Amino acid sequence: MYQYDEHDQRLLDERVAQFRDQTQRYFAGELSDDEFRPLRLQNGLYIQRHAPMYRISVPYGNLASRQLRMLAHLARTYDRGYAHFTTRTNVQFNWSPLEAIPEMHAQLASVQMHSNQTSGNDIRNITADPFAGVAADEIADPRPFAEILRQWSTYNPEFAYLPRKFKIAFNSAREDRVVLRVYDIGLDLIKNGAGELGFRVLVGGGLGRTPILGEEIAAFVPWPHLITYCEAILRVYNRYGRRDNIWKARIKILVKALGVAEFRRLVEEEWAQLKDGPNTVTAAELARVAAHFAPPPYAALPARDPGFEARLAENKAFAAWAGRSVRAHRQPGYASVVLSLKKTGIAPGDISAEQLDLVADWADRFSFGEARMTHEQNVALADVRQGDLFELWQLAREAGLATPNIGLLTDIICCPGGDFCALANARSIPIAAAIQQRFDDLDYLHDIGEIDINISGCMNSCGHHHVGHIGILGVDKNNQEWYQITLGGTQGNATALGKVIGPSFAHDEVVGVIEQLIQTYLELRHEDERFIDTVHRVGIDPFKDRVYAERQPQRNPAHV
């Protein structure tokens, strides 16, 4: 993974010193709350319901073992012994005291991490396929390009005060594992007919209050123009994006208002002034950055490990875990492993300091010192020998990180919700916990099959409820918690937004509603048909009729 040079480190150290000074001035009364607010936000510091929330950037989800150990240290020293992994490969601490944040920032900088631009109206953390560089279906490794764009966007003064926050994601696999169409800019690294690398560019995606899927504005932009084309998009947005209404300020609203064709015309007009200019990426610069992502020293191994296959045959528990958690690898004899952060009784995405240390140890021992965060709020080891999988499973099971539920109903995506977030209308974590407890039967989960449940505590959609097969959104009714249900959302190549099935449900009704939805699916499905395929085949009406049947008032038959 990328290692900072002296210029990267100096810029970060200067920013750390600057924020320490700003915080000291705030405590001294020299900065008001209103003056301090934009400064703290651009350094990832929120004031939440009970305590400050500190958000840390993990570019394209890659974490070195030393960085995992630093997160563990911060969790023990300044928080309540755990961290939270988000859908955008950020790490959040929910209980750190305000006065400790500058020191936490400084300690993060010692391992080349930071919290800069994890909030505010700027370019946020750039995400990418968690299996970049190792996926069997990958066209090319997008991480060098993601790193180049990260370096360009971080601390870029032109885009420090955009109309609203701005999010960018990269993919380069046949399977879209980052949900490109829900990003402000989605960059799909592809090859054209001549075998040249470039980007298919999507613009104007976003969830939240007005969910919209991004549209293609360029079928192919050659890779040297990555920065200049993104710069053109951002300049058009910075010039024409609304600043009078926070709910209408995202680029998705601008693209919708102008129309894709007109937005494309404005971008092409702006790009004509930038193309082939100083921000054109050179072959030398790409080679410099790409060298940091060179393949590790893989051993020459056979494609199939006999010991691994023997363990699969003799140990049903191991086989169940491997079937859900082990992914194909492009290097013979290796595999990628997803460690579940969705054990029943633990808030989805939460990981303890002890577990962080263990994952760091396993990364060093089994995966060349590196781990990956996934947008489903799990953690992966990308480069594990097949012959080491059984031992890793035993260690992970002992640590509570081997629940074999990846992709199943209890692998719930969930924001912190009203337990922590001041913006939330309702709690998310208790709903997730109740669903996990009700369906805490692995045999039943495997019978139900693949299903995505996503939960958000408010319209900001940090839990990506719009693209869950079942989406749950917390809403406020007369200061009480209610939950709106959507069906039919999907992520990946066929990304689609779910549809609201009807009026919202009270807190204590939600689990029963999920049960009724599942039971309806089990009654209607064809053999080996996934939940989402059944929904798309029959529509939402049979599900809607089932869950609202008991709410319909009983009517006496009319007499003629």
Side-chain angles (χ1 to χ4, degrees), residues 41-42 55 57 59-61 86-90 116-129 142 145-146 148-150 152-154 156 158-171 176-189 199-218 221 225-243 245-260 262-264 266-268 270-271 274 375 459-462 464 466-467 491 495 497:
L41 286 176
Q42 286 207 340
R55 179 183 291 157
S57 172
Y60 36 89
T86 79
T87 53
R88 297 204 60 259
T89 68
N90 291 307
N116 305 144
Q117 294 179 210
T118 56
S119 183
N121 297 332
D122 46 33
I123 300 173
R124 301 285 186 90
N125 183 40
I126 293 174
T127 64
D129 180 2
F145 298 101
I148 286 170
L149 207 62
R150 183 200 70 81
W152 166 77
S153 63
T154 305
N156 189 324
E158 182 176 357
F159 305 123
Y161 295 98
L162 294 166
R164 197 69 175 91
K165 58 187 176 181
F166 204 89
K167 302 173 182 179
I168 301 173
F170 282 81
N171 190 61
D176 175 7
R177 285 183 282 270
V178 293
V179 205
L180 284 176
R181 293 194 67 193
V182 304
Y183 278 83
D184 298 292
I185 296 179
L187 296 162
D188 199 12
L189 181 59
F199 293 94
R200 172 175 171 257
V201 183
L202 308 174
V203 169
L207 300 178
R209 186 174 297 271
T210 309
I212 297 175
L213 298 182
E215 300 283 352
E216 181 184 297
I217 65 163
V221 175
H225 302 300
L226 168 65
I227 292 177
T228 57
Y229 199 82
C230 289
E231 192 169 25
I233 293 169
L234 277 149
R235 284 188 173 183
V236 170
Y237 172 50
N238 216 8
R239 186 180 309 141
Y240 296 107
R242 292 183 61 173
R243 298 176 185 271
N245 185 335
I246 190 173
W247 311 118
K248 303 291 185 181
R250 295 291 296 272
I251 192 173
K252 62 186 177 182
I253 303 299
L254 176 62
V255 174
K256 196 75 171 176
L258 293 174
V260 175
E262 175 62 11
F263 187 84
R264 181 187 294 114
L266 290 171
V267 169
E268 293 288 333
E270 183 67 35
W271 189 40
L274 300 169
H375 89 269
M459 284 301 300
N460 284 329
S461 192
C462 293
H464 292 184
H466 293 291
V467 293
Q491 59 185 36
T495 298
L497 302 173

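Small disclaimer: the values here were computed from a predicted structure and weren't measured.
- Taking NE2 of His464 as the start and OG1 of Thr87 as the end, the distance is 3.5 Å to the nearest 0.5 Å.
- When all heavy atoms of Gly204 and Val255 are compared, the closest pair comes out as CA-CG2, 4.1 Å.
- Nearest heavy atom pair, residue Ser57 against residue Asn90, reads CA-OD1, 3.5 Å.
- Note that the CE atom of Met459 and the OG1 atom of Thr210 stand 7.0 Å from one another [nearest 0.5 Å].
- With hydrogens and angles left out, the side-chain atoms of Thr154 and Asn116 include no donor and acceptor closer than 3.5 Å.
- Put simply, the side chain of Trp271 reaches to within 4.5 Å of the side chain of Thr228, judged on heavy atoms.
- To the nearest 0.5 Å, atom CG of residue Leu187 and atom CG of residue Leu180 are 7.5 Å apart.
- Closest approach of Arg242 to Ala249, counting heavy atoms only: O-CB, 3.3 Å.
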(Q) Quick one, Ile123 with Leu234, criterion side chain to side chain contact (heavy atoms under 4.5 Å, CB included). Give me CA distance, side-chain angles, the key distance, then yes/no. (A) CA-CA 10 Å; Ile123 300 173; Leu234 277 149; 3.7 Å; yes
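- Residues that satisfy the side-chain contact (heavy atoms from CB on, under 4.5 Å) test with Leu258, not counting sequence neighbours, are Leu254, Glu262, Phe263, Leu266.
- Atom CD of Glu231 and atom CG of Asn156 lie 7.0 Å apart (nearest 0.5 Å).
- Leu497 places a side-chain heavy atom less than 4.5 Å from the side chain of Val467.
- By the 4.5 Å heavy-atom criterion applied to side chains, Val182 and Ser461 are not counted as neighbours.
- A side-chain donor-acceptor contact under 3.5 Å links Asn125 to the backbone of Arg88.
- In this structure the side chain of Trp152 reaches within 4.5 angstrom of the side chain of Phe159, judged on heavy atoms.
- Counting only heavy atoms from C-beta outward, the side chains of Leu226 and Val221 never approach each other to under 4.5 Å.
- Taking the centre of each ring, Phe199 and Tyr229 stay at or above the 6.0 Å mark.
- Using modelled atom types and a 3.5 Å distance limit, the side chains of His375 and Gln491 yield a donor-acceptor pair.
- Looking only at side-chain heavy atoms (C-beta outward), Ile233 and Ile217 come within less than 4.5 Å of each other.
- A donor-acceptor pair under 3.5 Å is formed between the side chain of Arg243 and the backbone N or O of Asn238.
- Considering all non-hydrogen atoms of both residues, Leu149 and Cys230 come closest at CD2-SG, 4.2 Å.
- Salt bridge absent: Glu215 and Arg264 never bring a charged side-chain N and a carboxylate O closer than 4.0 Å.
- With contacts defined as side-chain heavy-atom distances shorter than 4.5 Å, the pair Leu213/Thr495 qualifies.
- At a threshold of 4.5 Å between non-hydrogen side-chain atoms, the residues Thr127 and Tyr183 count as touching.
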Mind listing the side-chain donor-acceptor pairs of residues 160-171 below 3.5 Å, one per line with the distance, residues two or more places apart or on another chain?
{"from": "Asn171", "atom 1": "ND2", "to": "Ala173", "atom 2": "O", "distance (Å)": "3.1"}

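- In this structure, Lys252 NZ and Tyr237 OH are separated by 10.0 Å, a value rounded to the nearest 0.5 Å.
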